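Comments concern the structure below.
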Amino acid sequence: MSTQSGETAEFSGHSYSLENDRRTVFIALTVISLVGTVLFFLIRKPDPENLGEEESCDDQDMEAIESAQNNVTKAVDAFKKSLKLCVTKEMLLLSVTTAYTGLELTFFSGVYGTCIGAVNKFGTEEKSLIGLSGIFIGIGEILGGSLFGLLSKNNRFGRNPVVLLGALVHFVAFYLIFLNMPGDAPIAPVEGTNSSAYIRPSKEVAILCSFLLGLGDSCFNTQLLSILGFLYSEDSAPAFAVFKFVQSICAAVAFFYSNYLLLHWQLLVMVIFGFFGTISFFTVEWDAAAIVARGSDYRSI
């Protein structure tokens, strides 16, 4: 009897420790997103008028002192500029897409691996599958980045087809995960779960889903970075600061609720954000196409 009580106390203490660890990581992600945003604000473009000019040591020292004195002012100005960008139609629409990338970033980088490791029906290899899953996520990221990033200059159809492909790939992956993983996998205890999914858990399907998650993520991120560079070429630092801020905050929020929601609810949240994020991106892309019609070299981005 005392042995059972000791095991219960040990398990409760372990669960409490895990909860504290998750809370710590959540706070750390939030702080990092804020710090990263401030660092983006401090990025400034080089002055083309001074390129190639030779300066004396005194002039360089004076410029360094003035630059240090103006850093705070420039950061504040960049912050104000980013706030103005936040309320523009294009940035508000793209923020929906960015929010989706933050949610699914947390899912494929942490939640999905936890689900794989918690399924006891994978046998004794469920822990080793976590590492294999990460490898295939990376393969999907590399393949997608190569195809849709490096070769984007030759894309005659714009960015919408790539984003649509990413959405379809993710929806297929979510559906397969829904069928292959038990609903309580994200919140299962350390011992794992013996619950059944809609199909018999398959290692091959689990690894396939990892690849699809990485591939779809690369589709969204390459095209988001591309359209941000095109629309905000003159204000790239504030624009990318807003992008990383929204993405990091949503990733932290997803990390927080992942310990409480069953798997099918988490998948539903991502499907909803993925659908509206795709529509939002399409709207911005169509507006950007109008800029091309006025003479901008849109496809060179």
Side-chain angles (χ1 to χ4, degrees), residues 11 14-15 18-19 21-22 25-26 29 99-141 143-144 165-220 250-278:
F11 177 75
H14 185 66
S15 300
L18 289 176
E19 179 64 23
D21 291 341
R22 293 182 68 88
V25 174
F26 172 74
L29 287 173
Y100 169 67
T101 63
L103 297 178
E104 57 97 13
L105 173 64
T106 293
F107 182 79
F108 76 74
S109 63
V111 177
Y112 187 57
T114 301
C115 293
I116 293 177
V119 179
N120 293 332
K121 292 187 177 181
F122 281 144
T124 58
E125 300 178 357
E126 76 268 11
K127 304 302 180 184
S128 63
L129 284 177
I130 299 177
L132 191 60
S133 171
I135 292 174
F136 275 85
I137 289 174
I139 293 176
E141 293 276 6
L143 179 60
L165 174 63
L168 293 177
V169 166
H170 270 175
F171 290 165
V172 170
F174 295 156
Y175 181 67
L176 292 177
I177 293 172
F178 174 73
L179 296 178
N180 195 45
M181 297 287 178
D184 62 342
I187 59 175
V190 179
E191 293 80 4
T193 176
N194 294 313
S195 301
S196 300
Y198 290 90
I199 62 175
R200 183 177 181 180
S202 169
K203 301 174 184 177
E204 292 76 14
V205 173
I207 298 303
L208 173 63
C209 291
S210 299
F211 172 77
L212 295 178
L213 289 174
L215 179 62
D217 180 70
S218 66
C219 293
F220 276 96
C250 291
V253 171
F255 183 86
F256 176 76
Y257 71 63
S258 65
N259 195 39
Y260 302 99
L261 294 182
L262 295 174
L263 179 61
H264 57 271
W265 292 118
Q266 296 189 40
L267 294 174
L268 178 61
V269 170
M270 288 188 294
V271 168
I272 293 174
F273 272 88
F275 174 79
F276 286 106
T278 302

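The structure displayed is predicted, hence computed values, not measured ones. What's counted below: heavy atoms across the whole structure, side chains too, no hydrogens, waters or symmetry copies.
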For residues [X] and [Y], determine if any side-chain heavy atom of one lies less than 4.5 Å from a side-chain heavy atom of the other.
X    : Y    : value
P186 : M181 : no
C115 : V119 : no
F107 : L263 : yes

Interatomic distance, [X] atom [atom1] to [Y] atom [atom2] [nearest 0.5 angstrom]:
X    : Y    : atom1 : atom2 : answer
L179 : S202 : CG    : OG    : 11.5 Å
I135 : F211 : CD1   : CZ    : 14.0 Å
Y100 : F276 : OH    : CZ    : 14.0 Å

Could you check whether any side-chain N or O of [X] sits under 3.5 Å from a backbone N or O of [Y], counting only pairs where one atom can act as donor and the other as acceptor?
X    : Y    : value
T193 : P189 : no
N180 : V205 : no
S109 : L105 : yes
H170 : G274 : no
Y112 : T106 : no
Q266 : S258 : yes

| Side chains of S196 and K121: donor-acceptor distance under 3.5 Å anywhere? | yes

| said: Under the rule for ring-ring contact (aromatic ring centres under 6.0 Å, His included), what residues qualify as partners of F178, not counting sequence neighbours? | reply: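 Scan of F178 (ring-ring contact (aromatic ring centres under 6.0 Å, His included), adjacent residues dropped) gives Y198.
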
| note | Between L212 and V169, the two heavy atoms sitting closest are O-CG1, 3.2 Å

